[in-house]
Amino acid sequence: MTRIIAHRGSSKLFPENSLSAFRYATDCGADALEVDLRCSRDGVIYCFHDYHLSRMTGFSGYLSRTDSKTIDKLHLDSRQHLLRFDRFLHEFVGRIEIVLDIKSAGIESDLVRSLGRHATDPAIIYSSFNAKIISKIKTLVPRSHTALIVGPIRNVKMKLDFSANLIERMQSLRCSVAHLSR
């Protein structure tokens with residue numbers, strides 16, 4: 001069965017991780033939305049992929065070192081500001097499956113708190129490249145659905161041991177799924 005997961009929303013037509021990108025993907029029938037999450041200096045979670053703000057906003061600074069008051073003034077395009085995670089949740093939680101790609105360590109408790117009663121919903125998948133983030137989520141929400149993001153694999157020795165290591169790692173983290181990067 002084929003499933004369509006809109007990576008950063010409909011990011012070819014709209015700025016990635018923007019409200020319009022997610023709305024359009026939902027309107028077009030996507031089965032799930034994948035959203036990247038990072039935290040500002042003052043603890044506000046944003047839907048944003050990069051460490052640095054410059055590629056998407058032209059502002060020279062790291063999201064994690066910038067306060068939300070400054071971030072909220074930045075634009076992704078002429079109409080849209082960076083999307084706060086709480087706004088994303090308000091619009092999409094309960095309507096469509098959501099894959100949370102957690103980029104910032106240390107925000108796990110805030111994510112779970114924001115999700116509230118939806119924290120164990122099977123339509124929410126917590127994912128990360130960082131095994132410590134997945135482990136923390138499992139500690140906070142033992143029945144949560146988690147995915148370890150793996151790859152791309154460039155090391156030849158790793159390629160040879162890949163299957164056994166992946167299965168062992170997923171079992172130790174109690175992951176539901178592996179997301180394999182091409």
Side-chain angles (χ1 to χ4, degrees), residues 5-9 16-19 21-22 25-26 32-53 56-57 59 61-74 76 80-151 166 168-181:
I5 300 173
H7 186 249
R8 303 180 199 168
E16 62 189 52
N17 286 303
S18 67
L19 190 56
F22 293 124
T26 303
L33 301 174
E34 183 270 353
V35 58
D36 300 296
L37 301 175
R38 290 197 180 275
C39 192
S40 68
R41 182 176 67 197
D42 54 346
V44 176
I45 301 171
Y46 286 90
C47 304
F48 201 77
H49 177 270
D50 300 353
Y51 290 104
H52 206 274
L53 292 158
M56 294 299 296
T57 69
F59 179 81
Y62 292 93
L63 192 140
S64 64
R65 296 179 189 166
T66 307
D67 61 81
S68 59
K69 188 175 179 178
T70 301
I71 293 170
D72 287 341
K73 293 177 185 172
L74 302 176
L76 296 171
Q80 297 183 86
H81 295 279
L82 275 71
L83 181 59
R84 285 182 175 222
F85 181 57
D86 57 358
R87 175 75 193 274
F88 172 88
L89 286 179
H90 177 74
E91 181 105 10
F92 300 106
V93 76
R95 288 185 52 208
I96 188 169
E97 184 176 326
I98 298 171
V99 179
L100 306 172
D101 185 347
I102 308 164
K103 304 288 189 189
S104 297
I107 65 171
E108 300 88 351
S109 294
D110 292 334
L111 281 176
V112 169
R113 195 175 310 108
S114 294
L115 283 159
R117 64 184 175 85
H118 299 283
T120 59
D121 189 327
I124 304 289
I125 299 173
Y126 302 86
S127 70
S128 185
F129 282 99
N130 186 331
K132 289 179 183 178
I133 290 173
I134 298 298
S135 181
K136 179 69 175 181
I137 292 292
K138 278 300 200 184
T139 299
L140 293 168
V141 189
R143 292 182 23 237
S144 62
H145 296 271
T146 56
L148 181 65
I149 305 170
V150 182
L166 177 61
E168 182 180 306
R169 194 164 190 206
M170 286 184 60
Q171 287 174 336
S172 71
L173 292 169
R174 297 174 292 142
C175 287
S176 316
V177 176
H179 288 168
L180 304 176
S181 180

For this session: Verify side chain to side chain contact (heavy atoms under 4.5 Å, CB included) between I71 and V44, making sure each step is shown before the conclusion.
Result: CA-CA 10 Å; I71 293 170; V44 176; over 6 Å; no
Shortest non-hydrogen contact from [X] toward [Y]:
{"X": "A119", "Y": "V141", "result": "O-CG1, 3.8 Å"}
{"X": "F85", "Y": "S114", "result": "CE2-CB, 4.1 Å"}
{"X": "L76", "Y": "S18", "result": "CD1-CB, 3.9 Å"}
{"X": "L19", "Y": "F92", "result": "CD1-CE1, 3.9 Å"}
{"X": "D67", "Y": "R41", "result": "OD2-NH2, 3.2 Å"}
{"X": "I149", "Y": "S127", "result": "CD1-OG, 3.8 Å"}

Counting only N and O atoms by type, is there a donor-acceptor contact under 3.5 Å from the side chain of [X] to the main-chain atoms of [Y]?
{"X": "H81", "Y": "D72", "value": "yes"}
{"X": "E34", "Y": "R8", "value": "yes"}
{"X": "R38", "Y": "S64", "value": "no"}
{"X": "N17", "Y": "D36", "value": "yes"}
{"X": "R95", "Y": "E91", "value": "yes"}
{"X": "T70", "Y": "T66", "value": "no"}
{"X": "T57", "Y": "L74", "value": "no"}
{"X": "S128", "Y": "I102", "value": "yes"}

Pairwise side-chain contact, [X] with [Y], heavy-atom cut-off 4.5 Å (strictly under):
{"X": "L115", "Y": "L100", "result": "yes"}
{"X": "C47", "Y": "L37", "result": "yes"}
{"X": "L82", "Y": "L53", "result": "yes"}

Look up atom [atom1] in [X] and atom [atom2] in [Y], then write down how far apart they are to the nearest 0.5 Å.
{"X": "I45", "Y": "S68", "atom1": "CD1", "atom2": "OG", "value": "12.0 Å"}
{"X": "K138", "Y": "H145", "atom1": "NZ", "atom2": "NE2", "value": "7.5 Å"}
{"X": "L89", "Y": "R84", "atom1": "CG", "atom2": "CZ", "value": "13.0 Å"}
{"X": "Y46", "Y": "D86", "atom1": "OH", "atom2": "CG", "value": "9.0 Å"}
{"X": "L63", "Y": "M56", "atom1": "CG", "atom2": "CE", "value": "12.0 Å"}
{"X": "L111", "Y": "I137", "atom1": "CG", "atom2": "CD1", "value": "5.5 Å"}

Problem set entry | Test log, rule side chain to side chain contact (heavy atoms under 4.5 Å, CB included), inputs F88 and L33 | CA-CA 11 Å; F88 172 88; L33 301 174; 4.1 Å; yes
For this session: Evaluate the criterion side chain to side chain contact (heavy atoms under 4.5 Å, CB included) for residue pair L83 and F22; output intermediate values, then yes/no.
Result: CA-CA 10 Å; L83 181 59; F22 293 124; 3.8 Å; yes
For this session: Check the surroundings of atom NZ in K103: do more than 12 heavy atoms from other residues, nucleotides or ligands lie under 6.0 Å from it?
Result: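 Yes, because the 6.0 Å sphere around NZ of K103 holds more than 12 heavy atoms from other groups.
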Problem set entry | side chain to side chain contact (heavy atoms under 4.5 Å, CB included) between I124 and S144, intermediate numbers included | CA-CA 8 Å; I124 304 289; S144 62; over 6 Å; no
